[in-house]
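Source: prediction; values computed, not measured. Just so it is clear, the values below take in all heavy atoms, side chains as well, and ignore hydrogens, waters and symmetry mates.
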Amino acid sequence: MSLDSVRDFFTTHAPDIHIIELETSTATVALAAEAHGVEPGRIAKTLGLKIGELEVLLVARGDARLDNKKLKATFGGKAKMLDGERVQLLTSHPVGGVCPFGLATPMPVYCDCSLKAFDEVLPAAGAIHSAVRITPQRLAELVEAQWVDVCQEPTE
């Protein structure tokens, strides 16, 4: 179970972090924001991308949109979204529960600087009804992510 791999990750690396499990789905940014009572930007969405042969995870604020020019400049090629089946194979997490914790396959993780607008964000925790509350800096440290600037500025 994907939630179990995330639980194991936090038991080992950050036992002070509590996984929040809800009865309602948090599978989209809008659903997660409503369920947790926060603005959509505070939901940290995790996207699977492929650039050439490189497959990576990118964590960004929930209301951010990718900027193709910035992606190409940062990664040296055009980025394509991985399909849900491939993401689940690489991470063990279903779409709607994808996060950079407890991955089935080690892979590079990047955090977009858009997350730094918040003191606390809520990424999923391996299931469509789970999340954690964490600072962007701690999130990046725990998953050894590199910071990048690949999103457009959110519009109001």
Side-chain angles (χ1 to χ4, degrees), residues 1-51 54-66 70-71 74-75 79 81-82 84-151 154:
M1 293 272 308
S2 182
L3 180 59
D4 290 336
S5 71
V6 174
R7 194 173 280 122
D8 291 345
F9 176 87
F10 283 116
T11 297
T12 301
H13 301 286
D16 59 303
I17 295 178
H18 171 72
I19 295 175
I20 303 162
E21 294 182 72
L22 302 174
E23 296 293 321
T24 60
S25 173
T26 56
T28 66
V29 170
L31 288 172
E34 183 177 336
H36 292 288
V38 298
E39 62 193 283
R42 285 190 184 271
I43 303 302
K45 63 184 176 185
T46 302
L47 306 171
L49 301 175
K50 182 171 183 164
I51 304 105
L54 180 67
E55 294 172 315
V56 305
L57 292 180
L58 173 70
V59 186
R61 64 184 281 161
D63 58 359
R65 294 181 53 123
L66 296 176
K70 287 181 177 182
L71 276 164
T74 299
F75 292 107
M81 296 291 286
L82 294 174
E85 190 174 303
R86 182 69 180 156
V87 171
Q88 186 158 1
L89 178 70
L90 290 170
T91 66
S92 80
H93 310 320
V95 171
V98 178
C99 64
F101 315 113
L103 301 176
T105 306
M107 57 191 304
V109 178
Y110 296 88
C111 285
D112 186 74
C113 61
S114 63
L115 293 169
K116 293 181 179 181
F118 303 104
D119 58 343
E120 180 181 78
V121 294
L122 287 101
I128 62 165
H129 63 279
S130 66
V132 296
R133 289 182 177 270
I134 191 168
T135 67
Q137 190 60 41
R138 183 129 189 244
L139 184 158
E141 289 169 3
L142 284 171
V143 298
E144 298 178 5
Q146 293 181 44
W147 287 100
V148 293
D149 178 8
V150 295
C151 289

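Scored by the side-chain contact (heavy atoms from CB on, under 4.5 Å) test, His13 finds Phe9, Leu142 as partners (sequence neighbours excluded). The side-chain contact (heavy atoms from CB on, under 4.5 Å) test applied to Asp16 returns Ala14, Arg138, not counting sequence neighbours. Every side chain to side chain donor-acceptor pair (under 3.5 Å) that Glu120 has, sequence neighbours left out, goes to Arg133. Looking at residues two or more places apart in sequence or on another chain, you find a side-chain contact (heavy atoms from CB on, under 4.5 Å) between Ala145 and Val109, Cys111, Ala140, Val143. In this structure Glu21 satisfies the salt bridge (Lys or Arg N to Asp or Glu O under 4.0 Å) test together with Arg7, sequence neighbours excluded. Taking Lys70 as the reference, Asp149 meet the salt bridge (Lys or Arg N to Asp or Glu O under 4.0 Å) condition, with sequence neighbours excluded. Annotation: side-chain contact (heavy atoms from CB on, under 4.5 Å) contacts of Glu141 (sequence neighbours excluded): Gln137. A search for side chain to side chain donor-acceptor pair (under 3.5 Å) contacts involving Arg65 returns nothing, not counting sequence neighbours. Every residue was checked against the salt bridge (Lys or Arg N to Asp or Glu O under 4.0 Å) condition with Glu34, not counting sequence neighbours, and none meets it. By the side chain to side chain donor-acceptor pair (under 3.5 Å) test, Thr26 is found to be paired with no residue, residues two or more places apart in sequence or in another chain being considered. Listed by chain and number, the residues in a salt bridge (Lys or Arg N to Asp or Glu O under 4.0 Å) with Arg86 are Glu55 (sequence neighbours excluded).
Using modelled atom types, no side-chain atom of Ser114 and backbone atom of Ala60 make a donor-acceptor pair closer than 3.5 Å.
With contacts defined as side-chain heavy-atom distances shorter than 4.5 Å, the pair Ile43/Val38 qualifies. Side-chain contact between His93 and Val87 is absent, with no heavy-atom pair separated by less than 4.5 Å. Contact annotation: the side chain of Gln88 never approaches that of Ser2 to less than 4.5 Å [non-hydrogen atoms, C-beta and beyond]. You'll find the side chain of Pro108 reaches within 4.5 Å of the side chain of Leu54, heavy atoms only. In this structure the side chain of Ile20 reaches within 4.5 angstrom of the side chain of His36, judged on heavy atoms. Contact annotation: the side chain of Val29 never approaches that of Asp63 to less than 4.5 Å [non-hydrogen atoms, C-beta and beyond].
With respect to the salt-bridge test (charged N to carboxylate O, under 4.0 angstrom), the residues Asp119 and Arg42 qualify.
Nearest heavy atoms, Pro136 versus Val121: CG-CG1, 4.1 Å. Nearest heavy-atom pair, Lys45 versus Gly62, reported as atom, atom and distance to 0.1 Å: NZ-O, 3.4 Å. Between Ala104 and Ser92, the shortest heavy-atom distance links the atoms CB-CB, 3.8 Å. Looking at every heavy atom in both residues, Leu31 comes nearest to Ser25 through CB-O, 3.5 Å. Minimum interatomic distance between Thr46 and Pro100 (heavy atoms only, all atoms of both residues): OG1-CD, 3.6 Å. Across all their heavy atoms, Ile134 and Pro123 have their closest contact at CG2-CD, 3.8 Å.
Atom SG of residue Cys99 and atom CD1 of residue Ile19 lie 8.5 Å apart, to the nearest 0.5 angstrom. A distance of 11.5 Å separates CG of Leu22 from CD1 of Ile128, quoted to the nearest 0.5 Å. From Asp112, atom CG reaches atom SG of Cys151 across 3.5 Å, with rounding to the nearest 0.5 Å.
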Step by step, work out the side chain to side chain contact (heavy atoms under 4.5 Å, CB included) result for Leu103 and Leu57. CA-CA 10 Å; Leu103 301 176; Leu57 292 180; 3.8 Å; yes
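Within the structure, every pair that satisfies the ring pair (Phe, Tyr, Trp, His ring centres under 6.0 Å) test and touches residues 109-139, not counting sequence neighbours, is listed here: Phe75-Tyr110.
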